Amino acid sequence: MSQRTMVRFSVTVSDDAMRVVLMARHVNGSIRLDAADVCKEFAAQNLTLDETVKAKIAALCEQRLAVGAQHTLLAGEPAVAPQPPHATLVEELASARPPFAKTGQRVATITPAEPGRPGNDVFGVACPAAPTPTLDTLIGAGIALDKDQQSLIAKSDGVVHVGADGRISIGVTERVEFDLYTPVPMECATDLLVGGSVKDGTSVNCTAGGCLYVQGALETDAAAVDIIAQGAIRTGHVAMAAGKTISVVARGQVAAGTIATATVQARGDVTVVSEITSSTITCGGRLIAPQATIHASTVLASGAVECRVIGCEDHTRTVIEIGAEPALRKLITELLPQIETRREHVAKVRRTIQPLLADARRLTPEQKERCTELLFDAETTDAEASAMLKRLTDGHDRLIANAGGELTIHELAHPGVIIRFVGVEAALRMTLRGPVVIRAVTDRTTPSIVCKYPKTSQEVPLETRLVPDDPILTLRHHVAQAARRQRPA
């Protein structure tokens, strides 16, 4: 370390020994370092000085270095991570709905892993590559490796699942070959595959991660929530609801030919082939319906929405909301008043008690103890309010992370359709011809909704109305106010 005329610098080895960094330190401005001092510091840390590094040090020291800027003098060569193997479903299963495999059937082909490459750190110490993942990382329940080591086969009958980590498995599957009808609620701890339709009056709950696959339609109109699946719900290319009113809840994806007179809640994407009508759809992901018509319905999607036609000629109300978080809005409405009440109580206690404790000599021991108890209770209440607010801000952070959703209309949007984003909405007053992409623009003084025509890249603003009572905007305002209060004067 050099200390000439209050000039300081440091030569630092990174935590993983992959970089040696020179940083100049001074009161302000820029400084010129002495190359000899830097080389001494290099040697003091047992770092090798070859001619390339010496030349780099000399070149840096000939110029004035900005204080606080980091300059890499020496870099190691990190090990290259291996590429894991992956499996691809065979075509007949990839296109099947559901992908049902028989015992001994070839399920997927394997692309082998690629080994990594070792490296070395700045001291010349070897950095071995991570072990190459084995094929075991692809093999889940009910799956075996074929003799050729190039494909996976089914050990039992069942629906094929592909996990987020690429692991292939066969779910234990309960099969109903024809229509399903039961007058009492049915629980199934596995996947349930119905060869026909789920008939009127039937209530099904697939627990323990099970998925529901229906080759026909969901025709049930049982009360409350009718169809529940911890996994996905998929129906055939006919209707999810054939003229009945049903409620569907899935922790995974929902896929159907048509959704009619239904209330659908999915944590994942919702995929529809031909039509959504007279329904309310809430999805935690995207609504994917590039060939479908959406009309007389409300769609609340966290992600993007894609459809062919939206609305209808008789201007029946159709609402598309993108970036919607109904659960978060409900939580904000419930918790924010409680947070504000707690914070007001805490502020009142502190205003009352702290001046008394500042002149504690005038208090009796009992009064001191009571004041301490009140302050402790206030701190506990404040911590509760902070925990509530963190739940809300964590949900808001997830919303921001998923921001950027758009409405893509491939063919036509009718007048009367309401398009809504967080805090803004637009009611279409004229027909829009597709393809067109509609999105919110928030980087302006006043947020607005615009439609962009991909063929011309032309962007046309829509008549936009602010929605000031949106709970998400209320949360943002609350957080901004709290930040201003905490900012030092």
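In this text the structure is predicted, and so the values were computed from the model without any measurement. What's counted below: heavy atoms across the whole structure, side chains too, no hydrogens, waters or symmetry copies.
S297 places a side-chain N or O within donor-acceptor distance of the main-chain N or O of S279, the cut-off being under 3.5 Å. A donor-acceptor pair is defined here as one N or O able to donate and one able to accept, closer than 3.5 Å; no such pair exists between the side chain of T137 and the backbone of P133. A distance-only check finds no donor-acceptor pair linking the side chain of E425 to the backbone of F421 [under 3.5 Å]. In this structure, D121 contributes its side chain and A17 its backbone to no donor-acceptor pair below 3.5 Å. The backbone N or O of V125 sits nowhere less than 3.5 Å from a side-chain atom of N120 that would complete a donor-acceptor pair. The backbone N or O of V417 lies less than 3.5 Å from no partner atom in the side chain of T318, so there is not a single donor-acceptor pair. Using modelled atom types, no side-chain atom of Q45 and backbone atom of F42 make a donor-acceptor pair closer than 3.5 Å. The closest donor-acceptor contact from the side chain of T464 to the backbone of I449 lies under 3.5 Å.
Residues satisfying the side chain to side chain donor-acceptor pair (under 3.5 Å) test with T72, not counting sequence neighbours, are R19. For R167, the salt bridge (charged side-chain N to carboxylate O under 4.0 Å, His left out) criterion is met by D165, not counting sequence neighbours. Residues that satisfy the side chain to side chain donor-acceptor pair (under 3.5 Å) test with E62, not counting sequence neighbours, are absent from this structure. Take E51 and apply the salt bridge (charged side-chain N to carboxylate O under 4.0 Å, His left out) test, not counting sequence neighbours, and it matches K54. Contacts of R370 classified as salt bridge (charged side-chain N to carboxylate O under 4.0 Å, His left out), with partners at least two apart in sequence or in another chain: E373. Evaluation of the side chain to side chain donor-acceptor pair (under 3.5 Å) rule for S14 yields D16 as partners, not counting sequence neighbours.
Considering OG1 of T474 and CZ of R329, their distance stands at 10.0 Å, rounded to 0.5 Å. Distance check: T316 OG1 to H414 NE2 gives 10.5 Å after rounding to the nearest 0.5 Å. One distance of note links CG of L73 with NE2 of H71; it measures 8.5 Å at 0.5 Å rounding. Atom CG of L22 sits about 8.0 Å away from atom CD1 of I57, to the nearest 0.5 Å.
Within the 4.5 Å cutoff, side-chain heavy atoms of I419 are placed close to those of L407. No side-chain heavy atom of P118 sits under 4.5 Å from any side-chain heavy atom of C127. The shortest distance between side-chain heavy atoms of I310 and I320 falls below 4.5 Å. For the pair R117 and P82, the minimum side-chain heavy-atom distance is 4.5 Å or more. With contacts defined as side-chain heavy-atom distances shorter than 4.5 Å, the pair V20/V11 qualifies. Counting only heavy atoms from C-beta outward, the side chains of C188 and E174 approach each other to under 4.5 Å. A 4.5 Å side-chain heavy-atom check between H345 and V349 finds at least one atom pair inside the cut-off. The closest side-chain heavy-atom distance from R343 to D382 is below 4.5 Å.
A 6.0 Å sphere centred on NZ of K368 holds more than 12 heavy atoms belonging to other residues, nucleotides or ligands. Other residues, nucleotides and ligands contribute at most 12 non-hydrogen atoms within 6.0 Å of the CD atom of E463. Annotation for D15: atom CG does not count as buried by contact number, only 12 or fewer foreign heavy atoms lying within 6.0 Å. Within 6.0 Å of NE2 on H477 lie no more than 12 heavy atoms contributed by other residues, nucleotides or ligands. Environment of CZ in R342: crowded, with over 12 heavy atoms of neighbouring residues, nucleotides or ligands closer than 6.0 Å.
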Problem set entry | Verdict with supporting geometry, L356 and Q354, side chain to side chain contact (heavy atoms under 4.5 Å, CB included) | CA-CA 5 Å; L356 297 176; Q354 286 176 343; over 6 Å; no
For this session: Evaluate the side chain to side chain contact (heavy atoms under 4.5 Å, CB included) criterion for residues L287 and I276: first the C-alpha distance (whole Å), next the side-chain angles of each, then the deciding distance (0.1 Å), finally the verdict.
Result: CA-CA 11 Å; L287 176 70; I276 298 173; 4.0 Å; yes
Problem set entry | Chi angles and distances behind the side chain to side chain contact (heavy atoms under 4.5 Å, CB included) call for Y213, L192 | CA-CA 6 Å; Y213 301 92; L192 176 61; over 6 Å; no
Problem set entry | Verdict with reasoning, F376 to T380, per side chain to side chain contact (heavy atoms under 4.5 Å, CB included) | CA-CA 6 Å; F376 178 79; T380 302; 3.9 Å; yes
Problem set entry | Stepwise side chain to side chain donor-acceptor pair (under 3.5 Å) check, R420 with T298 | CA-CA 11 Å; R420 188 177 296 147; T298 297; over 6 Å; no
For this session: Decide salt bridge (charged side-chain N to carboxylate O under 4.0 Å, His left out) for D50 and K56; before the verdict, give the C-alpha distance in whole Å, the side-chain angles of both, and the deciding distance to 0.1 Å.
Result: CA-CA 10 Å; D50 59 21; K56 192 167 187 176; over 6 Å; no
Problem set entry | Candidate pair E344 and R350, rule salt bridge (charged side-chain N to carboxylate O under 4.0 Å, His left out), full reasoning | CA-CA 10 Å; E344 289 172 2; R350 287 172 176 168; over 6 Å; no
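Here the closest non-hydrogen pair linking P85 and L138 is O-CD2, 3.4 Å. Closest approach of R391 and L335 over heavy atoms only: NH1-CD1, 4.0 Å. Nearest heavy-atom pair, L462 versus C451, reported as atom, atom and distance to 0.1 Å: CD2-SG, 4.0 Å. Contact detail for A378 and V346: the closest heavy-atom pair is O-CG2, 3.3 Å. Nearest heavy-atom pair across H478 and E340 is ND1-OE2, 3.5 Å. Of all heavy-atom pairs between L363 and C371, the closest is CD1-SG, 4.4 Å.
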